[in-house]
Amino acid sequence: QVQLVESGGGLVQAGGSLRLSCAASGRTFSSYAMGWFRQAPAKEREFVAAINQNGGVAYYADSVTGRFTISRDNAKNTAVLQMNSLKPEDTAVYYCAAGFTVPNTAASRYDYWGQGTQVTVSS
């Protein structure tokens, strides 16, 4: 019911910032909770952040709390992950996801996924 496309990844030095965007197609964006996940080579996909349908509730992994901020603009069918104070351990492919659920830390609760965008943080 929805297609997701991430953008904004790239190479940044430790301590720098990146802003990832997730553009959604379709007419049902506001019906979905949105999540961000990341996956490093040979590692499991891990939860980063999630936000509910109206943007009033957000959750973060302990590893990113205080550094990352998730937001959404339903009028523009867009979800954003602002990443500050980046660390080399943040290096991964970042995926946005949509699910007809409450904001959830489990990847299995999401129904639609973007193609991913690479974030590389150098030391």
Side-chain angles (χ1 to χ4, degrees):
Q1 295 293 106
V2 61
Q3 290 184 296
L4 308 173
V5 180
E6 303 97 332
S7 62
L11 175 64
V12 65
Q13 291 184 317
S17 298
L18 285 173
R19 183 179 177 90
L20 305 184
S21 294
C22 178
S25 64
R27 301 179 181 179
T28 59
F29 180 74
S30 63
S31 298
Y32 293 92
M34 297 295 297
W36 286 94
F37 293 78
R38 66 188 183 187
Q39 188 166 22
K43 301 294 191 297
E44 291 186 341
R45 189 166 298 186
E46 67 174 343
F47 169 76
V48 176
I51 191 166
N52 77 332
Q53 286 82 348
N54 65 17
V57 181
Y59 298 93
Y60 298 92
D62 290 344
S63 59
V64 307
T65 296
R67 300 188 298 121
F68 292 10
T69 302
I70 187 171
S71 61
R72 68 190 296 163
D73 187 341
N74 288 347
K76 298 180 179 179
N77 282 17
T78 302
V80 169
L81 184 69
Q82 178 67 46
M83 305 186 295
N84 299 323
S85 301
L86 283 162
K87 305 174 181 179
E89 51 263 45
D90 295 318
T91 296
V93 176
Y94 283 70
Y95 300 89
C96 66
F100 191 65
T101 182
V102 296
N104 206 289
T105 62
S108 62
R109 296 299 305 274
Y110 293 86
D111 302 304
Y112 303 98
W113 294 83
Q115 82 288 350
T117 186
Q118 177 71 47
V119 172
T120 302
V121 184
S122 65
S123 60

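Note that the structure is predicted; figures quoted are calculated from it, not measured.
With hydrophobic clusters built from ILVMFWY side chains whose heavy atoms lie under 4.5 angstrom apart, V12 does not share a cluster with V80. If you chain together hydrophobic residues whose side chains sit under 4.5 Å apart, L20 and L86 fall into the same group. Under a hydrophobic clustering in which Ile, Leu, Val, Met, Phe, Trp and Tyr are joined whenever their side-chain heavy atoms come within less than 4.5 Å, directly or via other members, Y110 and V2 fall into different clusters. Transitive grouping of hydrophobic side chains (ILVMFWY, heavy atoms separated by less than 4.5 Å) keeps W113 and Y94 in distinct clusters.
Looking at residues two or more places apart in sequence or on another chain, you find no salt bridge (charged side-chain N to carboxylate O under 4.0 Å, His left out) involving R45.
Each of T117, D90, V119, N84 was evaluated against L18; a single residue qualifies, V119, per the side chain to side chain contact (heavy atoms under 4.5 Å, CB included) test.
Residues F47 and Y59 have side chains in contact (heavy-atom distance under 4.5 Å, counting atoms from C-beta outward). The shortest side-chain heavy-atom distance between S30 and Q53 does not fall under the 4.5 Å cut-off. Side-chain contact between L4 and M34 is present, with heavy atoms from C-beta onward closer than 4.5 Å.
A donor-acceptor distance shorter than 3.5 angstrom exists from the side chain of T78 to the backbone of K76, with no hydrogens or angles considered. The backbone N or O of A61 lies less than 3.5 Å from a partner atom in the side chain of T65, making a donor-acceptor pair. In this structure, the side chain of R109 does not engage the main chain of V102 through any donor-acceptor pair within 3.5 Å.
Among all heavy-atom pairs drawn from R19 and Q82, the shortest one is NH1-OE1, 3.3 Å. Across all non-hydrogen atoms, the minimal contact from G99 to D111 is CA-OD2, 3.7 Å. Contact between Y95 and G114 at its shortest, heavy atoms only, is CD2-O, 3.6 Å. Nearest heavy-atom pair, P88 versus A14, reported as atom, atom and distance to 0.1 Å: CD-CB, 4.1 Å. Nearest heavy-atom pair, S63 versus R38, reported as atom, atom and distance to 0.1 Å: OG-NH2, 3.5 Å. In plain terms, the two heavy atoms of T91 and V121 that are nearest each other are OG1-N, 2.9 Å.
We find the OG1-CG distance between T101 and N52 to be 11.0 Å, quoted to the nearest 0.5 Å.
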Practice item. Would you check, one step at a time, whether the test side chain to side chain contact (heavy atoms under 4.5 Å, CB included) holds for W36 with F68? Key: CA-CA 11 Å; W36 286 94; F68 292 10; over 6 Å; no

Exercise for review: Carefully, step by step, assess I51 and Y60 under the rule side chain to side chain contact (heavy atoms under 4.5 Å, CB included).
Suggested key: CA-CA 9 Å; I51 191 166; Y60 298 92; over 6 Å; no

Exercise for review: Evaluate the side chain to side chain contact (heavy atoms under 4.5 Å, CB included) criterion for residues E6 and Q115: first the C-alpha distance (whole Å), next the side-chain angles of each, then the deciding distance (0.1 Å), finally the verdict.
Suggested key: CA-CA 7 Å; E6 303 97 332; Q115 82 288 350; 2.8 Å; yes

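For Y112 and Y32, the gap between ring centers is short of 6.0 Å.
Counting heavy-atom neighbours within 6.0 Å of Q3 CD, excluding the residue itself, gives a total of 12 or less.
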